[in-house]
Amino acid sequence: MKFLKRTHTCGQLEASDNGKKVILNGWIHKNRDHGGIHFINLRDRYGIVQVVIDQDAPDQLKKTASELKFEYCIAVSGVVRKRPAEMVNKEMKTGEIEIAAEEITILSSCETLPFMINEKAEAREDLRLKYRFLDLRTEKMQENIKLRHNVAFAAREYLNNLNFFEIETPTFIKTTPEGARDFIVPSRLYPGKAFALPQSPQIYKQLLMVSGFDKYFQIARCYRDEDARGDRQPEFTQIDIEMSFVDKEDILKLTEGMMQHIFSKTAGIELPKEFKRLTYHDSMNFYGTDKPDLRFDLAIGDITDIARESEFSVFKQAAESGGAVKFINAKECGNFSRKQITELEDVAKIYKAKGLAWIKVTETGIDGGISKFFKDKEKIIIDKTKAENGDLLLFVADTWRISCTSLGAVRNKLAADLNLVKKGKFEFVWIVDFPLFDWNEDEKKWDPAHHMFSMPQEQYLNTMEADPGPVKGDLYDLVLNGYEIASGSIRVHDPVIQKRIFNIVGFSEKEAMDKFGFLLDAFKYGPPPHGGIAPGLDRLVMLMCSENSIREVIAFPKNTAGISPLDSSPSELSEQQLKELHIKFTE
RNA sequence: GGGGGCGUAGUUCAGCUGGUUAGAACGCCUGCCUGUCACGUAGGAGGCCGCGGGUUCGAGUCCCGUCGCUCCCGCCA
């Protein structure tokens, strides 16, 4: 097909191009027909430029121009000319010039739009997703997708410079029993059998270490058949990394370097040389979560000791039964209404707190809420909480875990309500020293806290079986602004240690061989010490774009029900397909 | 599996303690307009108030159910 093919893009022309004859291709972004003179804003991926059809233009040109509507795809040939000084638009990158049109051809027309592309008001999300191809035309989505590309490219650039190989691993693999539910692909050739889609390239990247590819990465699609969230999709993308002959510090340093490179290259932001670190215990204890948002303080404190001596039975009981009484000092929130406190309490209750006790601090001491139980301990309370006149103290008394997590949720809500979070701030923190085992009270056994291939820290190797509770692993999460954006560990490469871990969590040798035999087999052939990490590309880009949902940085996401509004998948299978796959749906 | 929020014109929303003909802005259609850039201007079309049931003289509004979207708990590296 022949058409007026562009010589330039809409975003690139400037005053120095004055007088050039150009051809532009793009979409009608705005259309301002004054009867005599007619302006069009023409848009492509690179920008927007004003096209003018002058009063004295030929009739044919004026006729074509009058037919143009929003989002028609057109070709314009014309001459670049400087705008008169008083007509310069300083808001526009191309605002110093305009294109005096000589010929316009309509490449394709556009029906009435389901929503406006050029308005600031956004359409509802389900509509945007149904017409995603239009939604992606908006400036915001174009910027988000562009940044996503830049981030992925910068990651590749950084890792390539350090001699990493990008290696693809299979996406039809064996189903794994641990972790999230697998997406399943039934086998046509082998009735009753199925592939699974990988939750991550975990096992394959470890095999690559055995193969001697000591620096591997892959921008890998991962699949998990679990309910979606704002920051969780059934399919998502990780910058998957694995290295041999390294320890924890090497991986942390590499990741910090990669983040610094990405932020510097794509956003011009210089991150600190080293990121903060918190142990898992301290993170839970002070922030009530393993993914704390450190853009604000509001740390959680402990008054279990005082509570034990108090007359307030709820506190006393929690303290005496091995629980904890935790507090947050909400600075300058002493003016909070009953309703505001109740809203905070509702948040605490979602995380299983039975209530949220409070005390207001005044000029004269403590007041309101549960203060009457603590009149004799007024000084100690004020001292311990570092409270000042006008502060609001919020307490939860429960198990240590519930006290912390519920106050952690209150902490986040307070920060949101008080507007403590500044945009454009990036607070990284490593969470380290995760426990390896969790006590399963229902089944009276130890469960793996994460997966079973993470290395216990050396100091626990002798006592691991005797006392699994305190055992910490060489696991690490990278947290940014309250989101977990990377997770990794040093892996077990010693079959003896691996066997001991299987034993502790009650995983039989037979079971282990059945599920992971090929990995355990590989480890018989000289596996190197190795470890890795997997930053989530979607979440990282989401945060860099100041978005609240990874759907805003994925070109074609699913909705929260796991459905694609664009193609209406998942969809029914034909009888023929079911027959070939040897499967039958029961409902 | 559970809880919260939302569902009114093509779009974004307003619509009070139930009251007669359901509104606005943008978009759309027909005109007018030589410098706009959120162009202006005159007129017009466009609504199963998500769906079903109930209360009532009367329901967009109240109640019950249901569906859809969204946020969260559970689940999930």
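So that the names make sense, note that chain A is the first sequence line, chain B the second, and so on, each numbered from 1.
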Determine the Euclidean distance between corresponding [atom1] atoms of [M] and [N]; express it in Å to zero decimal places.
N	M	atom1	value
B/G43	B/G58	P	40 Å
B/G27	B/C48	P	22 Å
B/U21	B/G60	P	11 Å
B/C75	B/U12	P	35 Å

How about A/K63: does its NZ atom have over 12 heavy atoms from other parts shown lying under 6.0 Å from it? no

Does the base of [N] carry an N or O that pairs as donor and acceptor with the side chain of [X] under 3.5 Å?
X	N	answer
A/E98	B/G35	yes
A/R181	B/G74	no
A/N89	B/C37	yes
A/R232	B/C75	yes
A/R83	B/U36	yes
A/D126	B/G68	no

Could you check whether A/R32 and A/N41, counting side-chain N and O atoms only, form a donor-acceptor pair closer than 3.5 Å? yes

Both distances below 3.5 Å, Watson-Crick or wobble geometry, any strand: find the nucleotide opposite B/C39. none

Go ahead and name the base partner of B/A24; Watson-Crick or wobble counts if both distances stay under 3.5 Å, otherwise write none. B/U12

Phosphate-side-chain proximity, [X] and [N], N/O vs OP1/OP2 below 4.0 Å:
X	N	answer
A/R32	B/U36	no
A/H34	B/U36	no
A/R229	B/C73	yes

Mapping A/G36 and A/K69 to their closest nucleotides on RNA chain B, which lands nearer the 5' end? A/K69

Which nucleotide in the list B/G35, B/C76, B/C72 gets nearest to the side chain of A/E226? B/C76

